[in-house]
Amino acid sequence: MQFSLQATSEGSRCRAGELVTPHGVVQTPVFMPVGTAATVKGVLHRDLKEDTKAQIILANTYHLYLRPGVEILEQAGGVHKFCSWEGPILTDSGGFQVFSLAGCRKLTEEGCRFQSHIDGSRHLFTPESVVDTQRSIGADIMMAFDECPPGDSPRDYAAKSLDLTHRWLERCFNRLANTQPKYGYRQSLFPIVQGCTYEDLRVKSAEFVQQFDADGYAIGGLAVGEPAPVMYAMIEVVDKVLPEDKPRYLMGVGTPVNILEAIDRGVDMFDCVMPTRNGRNGMLFTWQGTINIRNEKWRDDLSPIDPEGTSMVDHTYTKAYLRHLTVSGEMLAAQIATMHNLAFYTDLVRQARAHILAGDFKTWKEQAVIKLSQRL
RNA sequence: GGGAGAGUUCCAGAGUGGCCAAAUGGGGCAGACUGUAAAUCUGUUAGCGUAGCUUUCGGUGGUUCGAAUCCAUCCUCUCCCA
């Protein structure tokens with residue numbers, strides 16, 4: 001996998017780049033819609049690609065392993081063919097599920113024993129098995145199996161957890177080296193920097209991780225409850241250590257403002273459920289701020305959903321209509337809101353990229369952040 | 001014409017002397033959501049600026065220390081039999 005930097009900007013660590021994957025070129029900064037179960041909920045791939053301009057999407061190892069299962073994915077010839085998405089796919093390792101499904105799992109040196117949230121059946125994930133599963137899935141970018149500790153973890157737990165994540169990382173790379181891709185193209189493995197909100201642990205993790213000469217590096221365990229300034233500080237610390245010539249991926253982040261701030265600090269790749277999940281729950285992101293489309297004030301607003309929007313839905317439907325659909329519980333509401341939000345998120349990073357290339361990112365960002373923080 | 005029953009806060013519908021500003025559901029209003037166990041979850045929904053006070057359970061009048069609950073009467077509605 002090749003990554004090339006095309007531009008950086010004065011007074012900022014921001015970068016514009018290009019990532020060449022087996023399934024196509026990704027221009028960075030990039031936002032990657034989350035498609036946990038090999039589907040970005042409610043959106044046809046045609047619309048995902050042509051309307052919302054998604055360049056690469058996520059899928060999830062934990063969820064695909066449980067359903068439909070590795071066998072079906074192998075029979076299909078990998079997840080791309082299974083779900084008919086021809087572009088690049090990144091799979092999360094299930095590390096986040098180990099965190100978010102706490103209560104039905106047990107961590108050991110070997111890996112993580114857990115019970116399926118679907119039927120309660122018992123399973124074991126190890127760094128090796130997770131790499132194997134991602135081989136079977138056929139992701140362009142595989143993620144290392146990590147532990148994502150709670151945001152408020154005490155230092156001793158964070159340190160212990162970090163060491164475990166590092167030992168697991170070595171095992172992930174060993175497994176990667178000793179196995180072959182199943183579908184004829186090379187797969188990349190991204191390590192994940194952890195360390196909670198402890199600066200020295202973050203530095204230690206970034207230094208540990210970069211010795212693996214990976215195709216890209218991820219920053220995990222952020223936006224899990226800590227204040228945004230703390231998150232930004234952690235990004236700054238880590239980005240100083242990570243290699244300049246490789247993409248940096250901030251996992252699970254975030255709000256439009258979070259994303260611009262992270263781009264400013266050198267992050268190239270993002271994913272977040274916010275545009276999709278919040279969209280399904282009636283929240284719209286726009287350049288003028290966020291909208292709760294359920295609010296009564298939109299009841300008779302027959303203006304387009306978003307005059308500045310780049311999606312077909314923005315100009316085809318009115319706010320009053322989308323509110324009606326949302327309040328009525330109509331499934332089309334979720335589809336329209338999701339398309340709008342994804343189109344907005346990709347537009348957000350695309351404009352950021354354009355301003356990086358133009359050299360005025362910093363001033364543009366300052367103005368954008370003010371507007372984006374508003375509630376309409 | 002005869003008989004039976006019912007009218008409760010936005011709606012449906014509990015409650016049948018004090019623990020009732022009144023269950024529950026719906027609807028309304030608002031909020032949350034950051035590597036998706038989420039088309040989910042939470043709050044609120046008589047008035048006044050909390051404690052507390054004030055006006056509500058078809059209308060009117062009464063019984064009682066006290067009434068949505070008991071009595072009288074009026075109004076409205078539903079069902080059954082002719």
Side-chain angles (χ1 to χ4, degrees), chain A residues 31-43 56-64 66-67 89-105 114-120 130 134 139 141-149 151 165 190-194 216-228 231 249-259 261-262 267 269-285 290 292-299 322-323 325-338 341 345 375:
Chain A
F31 178 80
M32 309 180 283
V34 178
T36 305
T39 163
V40 176
K41 298 184 195 304
V43 187
I56 168 174
I57 60 175
L58 254 69
N60 188 277
T61 305
Y62 168 86
H63 290 277
L64 293 182
L66 289 177
R67 235 172 11 191
I89 293 178
L90 179 152
T91 44
D92 185 31
S93 63
F96 186 75
Q97 280 61 42
V98 168
F99 157 71
S100 66
L101 302 182
C104 43
R105 48 77 164 167
F114 61 89
Q115 282 188 269
S116 160
H117 70 277
I118 299 164
D119 62 4
V130 163
Q134 292 182 97
I141 301 173
M142 314 191 284
M143 298 307 299
F145 189 51
D146 65 338
E147 190 202 352
C148 180
T165 288
F190 283 19
I192 303 170
V193 173
Q194 289 290 352
Y217 297 86
I219 306 167
L222 291 177
V224 287
E226 81 285 0
M231 172 170 77
Y249 163 32
L250 179 59
M251 305 186 77
V253 176
T255 66
V257 170
N258 287 161
I259 287 176
E261 294 295 353
V267 176
M269 303 167 70
F270 301 88
D271 80 279
C272 190
V273 302
M274 207 171 265
T276 43
R277 180 194 285 166
N278 289 27
R280 290 196 302 280
N281 294 329
M283 183 173 180
L284 304 181
F285 297 91
T290 59
N292 182 346
I293 199 65
R294 285 194 318 259
N295 286 176
E296 193 184 20
K297 60 181 157 190
W298 309 117
R299 184 189 185 86
L322 180 54
R323 177 181 191 274
L325 294 178
T326 304
V327 165
S328 306
E330 288 291 335
M331 64 172 87
L332 184 59
Q335 294 179 283
I336 291 173
T338 300
N341 280 347
Y345 263 65
R375 294 193 69 114

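Predicted, not measured: the structure shown is a model, and the values here were computed from it. Each chain gets a letter, A, B and so on, in the order its sequence line appears, and its residues count up from 1.
Rounded to a whole angstrom, the distance from the P atom of B/C33 to that of B/G47 is 29 Å. Across B/A68 and B/A23, the matching P atoms stand 15 Å from one another, rounded to whole Å. Across the P atoms, B/C65 and B/U60 are found 23 Å apart, a figure rounded to whole Å. When the C1' atom is compared between B/U8 and B/G59, the two are found 15 Å apart, to the nearest whole Å. When the C1' atom is compared between B/C20 and B/C29, the two are found 25 Å apart, to the nearest whole Å. On the C1' atoms, B/C71 is 34 Å away from B/G25, given to the nearest whole Å.
At the heavy-atom level, A/G42 lies nowhere under 4.0 Å from the strands shown. Using a 4.0 Å heavy-atom criterion, one finds that A/N278 contacts the bases of the nucleic acid, with or without backbone contacts as well. The residue A/Q194 sits close to a base: some heavy atom pair falls under 4.0 Å. Among the atoms of the strands shown, none is found under 4.0 Å from any heavy atom of A/L90. At the heavy-atom level, A/T326 lies nowhere under 4.0 Å from the strands shown.
The aromatic rings of A/H117 and A/H63 lie perpendicular to each other, with more than 60° between the two planes, well past the 30° mark.
For A/S328 (side chain) and A/E330 (main-chain N/O), no donor-acceptor pair under 3.5 Å exists by modelled atom type. A donor-acceptor contact shorter than 3.5 Å is absent between the side chain of A/N295 and the backbone of A/K297.
Remark: B/C19 base-pairs with no nucleotide in the shown strands. Criterion, Watson-Crick or G-U wobble with two distances under 3.5 Å. With a cut-off of 3.5 Å on both Watson-Crick or G-U wobble distances, the partner of B/U76 is given as B/A6. With a cut-off of 3.5 Å on both pairing distances, the Watson-Crick or G-U wobble partner of B/C53 is B/G47. In this structure, B/A68 forms no base pair with any nucleotide, since neither Watson-Crick nor G-U wobble geometry is met with both distances under 3.5 Å. With a cut-off of 3.5 Å on both Watson-Crick or G-U wobble distances, the partner of B/A12 is given as B/U24. In this structure, B/A37 forms no base pair with any nucleotide, since neither Watson-Crick nor G-U wobble geometry is met with both distances under 3.5 Å. Base pairing annotation: B/U42 forms a Watson-Crick or G-U wobble pair with B/A30, both donor-acceptor distances under 3.5 Å.
Heavy-atom nearest nucleotides on RNA chain B were determined for A/S93 and for A/R277, and the one closer to the 5' end corresponds to A/S93.
Put simply, the residue from A/I89, A/T91, A/L58, A/I56 that forms a side-chain contact (heavy atoms from CB on, under 4.5 Å) with A/I141 is A/I56.
Considering CD1 of A/I219 and CE of A/M251, their distance stands at 10.5 Å, rounded to 0.5 Å. In this structure, CG in A/L66 is found 9.5 Å from CD in A/Q97, a value given to the nearest 0.5 Å.
A donor and an acceptor atom, one from each side chain of A/D271 and A/Y249, are located under 3.5 Å apart.
For A/N60 and B/U34, the CG to P distance is 15 Å, given to the nearest whole Å. Computed from coordinates, the A/F285 CZ to B/C33 C1' distance equals 9 Å when rounded to whole Å. Distance CZ (A/R67) to C1' (B/A37): 9 Å, rounded to an integer number of Å. The CZ atom of A/F31 sits 13 Å away from the P atom of B/U34 (whole-angstrom rounding). Computed from coordinates, the A/L250 CG to B/U34 C1' distance equals 10 Å when rounded to whole Å. Protein atom CE of A/M251 is 10 Å distant from nucleotide atom P of B/G35, rounded to whole Å. Going from atom CE of A/M283 over to atom C1' of B/A32 covers 9 Å, rounded to whole Å. A/L64 has its CG atom 12 Å from the P atom of B/A37, to the nearest Å.
Residues passing the ring-ring contact (aromatic ring centres under 6.0 Å, His included) test with A/F31 are A/Y345, sequence neighbours excluded. Applying the side chain to side chain donor-acceptor pair (under 3.5 Å) test to A/T255 and every residue at least two apart in sequence or in another chain returns A/N258. With sequence neighbours left out, the side chain to side chain donor-acceptor pair (under 3.5 Å) criterion links A/D146 to A/Q194.
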Using a 4.0 Å cut-off on protein heavy atoms (strictly under), produce a 5'-to-3' string for nucleotides 24-31 of chain B with B for base contact, S for backbone-only sugar-phosphate contact, and - for none. ----SSSB

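Contact annotation: A/Q97 does not reach the phosphate of B/G35 (side-chain N/O to OP1 or OP2, under 4.0 Å).
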List the atom pairs, with distances to 0.1 Å, where a side-chain N or O of residues 274-285 of chain A and a protein N or O form a donor-acceptor pair under 3.5 Å, not counting sequence neighbours.
{"unit_1": "A/T276", "atom_1": "OG1", "unit_2": "A/V273", "atom_2": "O", "d": "2.9"}
{"unit_1": "A/N281", "atom_1": "ND2", "unit_2": "A/R277", "atom_2": "O", "d": "3.4"}

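Considering only heavy atoms from C-beta on, A/I192 comes within 4.5 Å of A/M143 through its side chain.
Residue A/N258 has its side chain nearest to B/U34 when only B/U34, B/G35, B/A37 are considered.
Taking a 4.0 Å limit (strictly below) on heavy-atom distances, residues 141-148 of chain A reaches RNA chain B at A/D146, A/C148.
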